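Report on the structure given below.
No experiment lies behind these values; they were computed from the predicted model shown.
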Amino acid sequence: GFIEIGLRCLPISIGITAVYTLLTISTRPAAQSPQHAPAMQPPAPFLKRLSPETGTVITTLQAQDHYVEVTTTRGQELVLIRLGDAQKELSGLDGMRVHRSWWVARAAIQSTARDNGRLTLILTDGRKIPVSRSNEKDVRQWLENRLP
């Protein structure tokens, strides 16, 4: 009994598997050759410290005692880490420490302005971030290709 049922089901199973395999192969995107694939950077280690609700698109970091207040496009979170250590863990991201207590992502900067003679970064969310006098030259060079 079981052998007869197995022999009847075997061709049907092979047919269904063949159709499924053909359909999935034809809908897969073509694999890129390794030489044409863009170089992928590993995610910054700091991003693992953030909760999923906060997201991983960082706009700013601000030092607050032994903590860093991380602002993302989805919210804010306090992380127990020194700003210098956070900056090292974010080395793969396009951002810069612009002040003793501030790190800013380039994508978050809308424009620059002068406030009492000091350079200030105006972010896309409207916040104004001070630039230290000692970092002003480096910040201007970093932004010269992006901002007018």
Side-chain angles (χ1 to χ4, degrees), residues 6 9-10 12-148:
C9 292
L10 185 62
I12 296 171
S13 298
I14 292 173
I16 291 173
T17 303
V19 170
Y20 177 77
T21 303
L22 290 174
L23 288 175
T24 57
I25 288 174
S26 66
T27 58
R28 280 188 208 151
Q32 292 181 348
S33 64
Q35 57 201 5
H36 294 99
M40 296 280 294
Q41 281 188 326
F46 183 79
L47 299 178
K48 295 177 186 173
R49 298 176 183 269
L50 301 177
S51 67
E53 296 81 25
T54 305
T56 58
V57 182
I58 298 174
T59 56
T60 61
L61 302 178
Q62 182 183 15
Q64 293 189 1
D65 292 327
H66 299 293
Y67 289 85
V68 169
E69 181 181 65
V70 181
T71 303
T72 68
T73 54
R74 293 172 59 187
Q76 294 179 331
E77 182 175 346
L78 280 177
V79 176
L80 181 60
I81 190 172
R82 295 182 309 177
L83 183 59
D85 294 336
Q87 179 182 352
K88 288 176 188 172
E89 289 187 11
L90 290 172
S91 63
L93 298 181
D94 190 12
M96 182 177 187
R97 191 165 181 176
V98 298
H99 190 273
R100 183 178 70 173
S101 60
W102 285 95
W103 180 95
V104 180
R106 184 190 310 253
I109 301 170
Q110 181 176 6
S111 63
T112 61
R114 287 270 173 199
D115 188 17
N116 292 328
R118 296 184 67 185
L119 181 63
T120 302
L121 302 176
I122 301 173
L123 304 185
T124 54
D125 62 7
R127 290 183 294 155
K128 295 180 180 180
I129 307 299
V131 175
S132 67
R133 286 190 174 103
S134 60
N135 287 342
E136 187 172 331
K137 182 179 177 182
D138 293 335
V139 171
R140 284 211 173 273
Q141 287 177 344
W142 179 59
L143 295 174
E144 73 182 4
N145 294 331
R146 184 182 183 281
L147 299 174

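Partners of Q64 according to the side-chain hydrogen bond (donor to acceptor under 3.5 Å, both in side chains) rule, which considers only residues two or more places apart in sequence or in another chain, do not exist here. For L80, the side-chain contact (heavy atoms from CB on, under 4.5 Å) partners at least two apart in sequence or on another chain are H66, Y67. Under the salt bridge (Lys or Arg N to Asp or Glu O under 4.0 Å) criterion, R100 pairs with no residue, sequence neighbours left out. Contacts of E69 classified as salt bridge (Lys or Arg N to Asp or Glu O under 4.0 Å), with partners at least two apart in sequence or in another chain: none. Take T73 and apply the side-chain contact (heavy atoms from CB on, under 4.5 Å) test, not counting sequence neighbours, and it matches V57, T59. Evaluation of the side-chain contact (heavy atoms from CB on, under 4.5 Å) rule for K48 yields no partner, not counting sequence neighbours. Among residues two or more places apart in sequence or in another chain, the side-chain hydrogen bond (donor to acceptor under 3.5 Å, both in side chains) test is passed with D94 by R106, W142. Partners of D85 according to the side-chain hydrogen bond (donor to acceptor under 3.5 Å, both in side chains) rule, which considers only residues two or more places apart in sequence or in another chain, are R82. For D115, the salt bridge (Lys or Arg N to Asp or Glu O under 4.0 Å) criterion is met by no residue, not counting sequence neighbours. When the side-chain hydrogen bond (donor to acceptor under 3.5 Å, both in side chains) test is applied to T54, the partners found at least two apart in sequence or on another chain are S51, E77. Partners of P130 according to the side-chain contact (heavy atoms from CB on, under 4.5 Å) rule, which considers only residues two or more places apart in sequence or in another chain, are H99, W102.
Within the structure, salt bridge (charged side-chain N to carboxylate O under 4.0 Å, His left out) contacts touching residues 117-129 (residues at least two apart or in different chains) are D125-R127.
Expressed to the nearest 0.5 Å, how far CD of Q87 lies from CD1 of I81 amounts to 11.0 Å.
The two residues G55 and L50 come nearest to each other via the heavy atoms O-CD1, 3.5 Å.
Counting heavy atoms from C-beta outward, V68 and W103 have side chains that stay 4.5 Å or more apart. With contacts defined as side-chain heavy-atom distances shorter than 4.5 Å, the pair V98/L119 does not qualify.
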